Amino acid sequence: MSTQYWLMKSEPDECSIDDLEAAPGQTVPWFGVRNYQARNFMLKEMRVGDGVLFYHSSCPVPGVAGLAEVASAPYPDASQFDPASPYHDPKSPRDKPRWSLVDVRFKRKTRLLPLKEMREAPELASMVLLKPGSRLSITPVTPEEWAAVKHRLAHPPT
DNA sequence: GCCAACGTTGGC
DNA sequence: GCCAACGTTGGC
């Protein structure tokens with residue numbers, strides 16, 4: 001199977017690209033996803049080595065802040081069973097966990113590619129992230145979109 | 001802090 | 001299985 005690509009949103013207050021770089025093994029478990037569509041991407045479609053656009057959300061300048069990769073097969077998200085966690089899900093059966101995650105490994109920081117610039121870029125108009133009303137925290141990225149983002153990262157507007 | 005969009009819940 | 005109420009996301 002050929003390489004797939006994803007965009008994954010993270011609040012920099014929770015886990016920024018710098019936090020990912022500083023993490024043990026430069027890898028973090030992508031815990032806390034509580035949306036079935038986003039979960040299914042991790043559970044059913046991601047493969048180790050898939051490319052990830054690391055996106056900062058809910059912050060002063062939202063946008064792509066770095067590149068990462070899928071670093072594990074899916075496994076159950078431990079936070080669903082932790083009563084102290086904000087991600088605790090009392091309805092998730094121990095023997096049949098509702099929520100799974102993958103590990104994500106740091107590749108490199110990039111310049112910040114702001115959401116505003118992405119919206120203004122015709123070659124990125126097809127991205128799921130930019131669809132009106134889109135709120136998914138994990139979205140697929142086509143090879144063409146991946147290439148266009150990398151090109152734009154390397155060639156900032158003047 | 002506002003609010004539009006969207007997902008989930010639960011009564012019926 | 002419908003759908004109104006409610007909660008969440010996330011840009012602005």
Side-chain angles (χ1 to χ4, degrees), chain A residues 4-23 28-46 50-70 74-107 109-142 144-146 148-153 155-157:
Chain A
Q4 306 176 108
Y5 302 98
W6 308 94
L7 181 143
M8 300 176 80
K9 295 181 185 174
S10 182
E11 300 188 14
D13 286 351
E14 300 293 323
C15 180
S16 69
I17 188 71
D18 292 322
D19 296 330
L20 181 63
E21 183 174 18
V28 297
W30 207 260
F31 65 91
V33 168
R34 295 295 177 268
N35 171 283
Y36 287 104
Q37 223 181 323
R39 180 207 64 176
N40 287 344
F41 288 139
M42 292 195 286
L43 186 63
K44 301 179 177 180
E45 300 196 32
M46 286 186 178
D50 282 0
V52 172
L53 300 174
F54 193 98
Y55 179 93
H56 284 176
S57 68
S58 296
C59 57
V61 185
V64 172
L67 304 180
E69 66 180 354
V70 175
Y75 61 97
D77 179 343
S79 67
Q80 69 195 302
F81 300 122
D82 178 2
S85 169
Y87 302 112
H88 181 228
D89 182 354
K91 294 185 193 166
S92 181
R94 275 268 174 195
D95 55 346
K96 203 169 163 247
R98 256 187 209 190
W99 306 109
S100 291
L101 51 70
V102 297
D103 290 341
V104 173
R105 182 184 301 122
F106 176 83
K107 293 278 278 189
K109 283 184 75 168
T110 62
R111 78 171 176 99
L112 183 68
L113 171 55
L115 176 62
K116 182 168 185 294
E117 183 184 333
M118 297 175 77
R119 286 201 187 285
E120 290 166 354
E123 75 276 17
L124 303 182
S126 60
M127 291 185 73
V128 177
L129 171 79
L130 305 179
K131 298 279 186 241
S134 171
R135 293 179 315 171
L136 263 185
S137 62
I138 300 175
T139 53
V141 172
T142 68
E144 293 76 18
E145 291 160 355
W146 175 267
V149 167
K150 289 187 76 165
H151 183 268
R152 185 161 277 273
L153 284 167
H155 303 91

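What you see is a predicted model, and the numbers here were worked out from it, not measured in a lab.
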Show me, pair by pair, the donor-acceptor contacts under 3.5 angstrom made by side chains of residues 120-132 of chain A, not counting sequence neighbours?
residue	atom	partner	partner atom	Å
E120(A)	OE2	K116(A)	NZ	3.0
E123(A)	OE2	R152(A)	NE	2.8
E123(A)	OE2	R152(A)	NH2	3.2
S126(A)	OG	E145(A)	OE2	2.6
K131(A)	NZ	S126(A)	O	3.4

Scoring nucleotides 7-12 of chain B by protein non-hydrogen atoms under 4.0 Å (B base, S sugar-phosphate only, - none) yields SS-S--
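- If you check residues 56-65 of chain A against DNA chain C, the residues with a heavy atom closer than 4.0 Å are S57(A), S58(A), P62(A), listed by number.
- Within residues 113-125 of chain A, the residues that have a heavy atom under 4.0 Å from DNA chain C are, in order of number, L115(A), R119(A).
- Applying the side chain to side chain donor-acceptor pair (under 3.5 Å) test to S16(A) and every residue at least two apart in sequence or in another chain returns D19(A).
- Every residue meeting the ring-ring contact (aromatic ring centres under 6.0 Å, His included) condition with F31(A), not counting sequence neighbours, appears here in chain and number order: Y87(A).
- In this structure, E21(A) has no side chain to side chain donor-acceptor pair (under 3.5 Å) partners at least two apart in sequence or on a different chain.
- Partners of Y5(A) by side chain to side chain contact (heavy atoms under 4.5 Å, CB included), not counting sequence neighbours, listed by chain and number: T3(A), V141(A), P143(A), W146(A).
- The closest side-chain donor-acceptor pair between S79(A) and R34(A) falls under 3.5 angstrom.
- Checked against side chain to side chain donor-acceptor pair (under 3.5 Å), D89(A) has the following partners two or more places apart in sequence or in another chain: R98(A), W99(A).
- Partners of D50(A) under the side chain to side chain donor-acceptor pair (under 3.5 Å) rule, at least two apart in sequence or in another chain, are Q4(A), W6(A).
- The side chain to side chain contact (heavy atoms under 4.5 Å, CB included) test applied to A38(A) returns V33(A), N35(A), L136(A), S137(A), I138(A), not counting sequence neighbours.
- The side chain to side chain contact (heavy atoms under 4.5 Å, CB included) check on H151(A) picks up H155(A), with sequence neighbours excluded.
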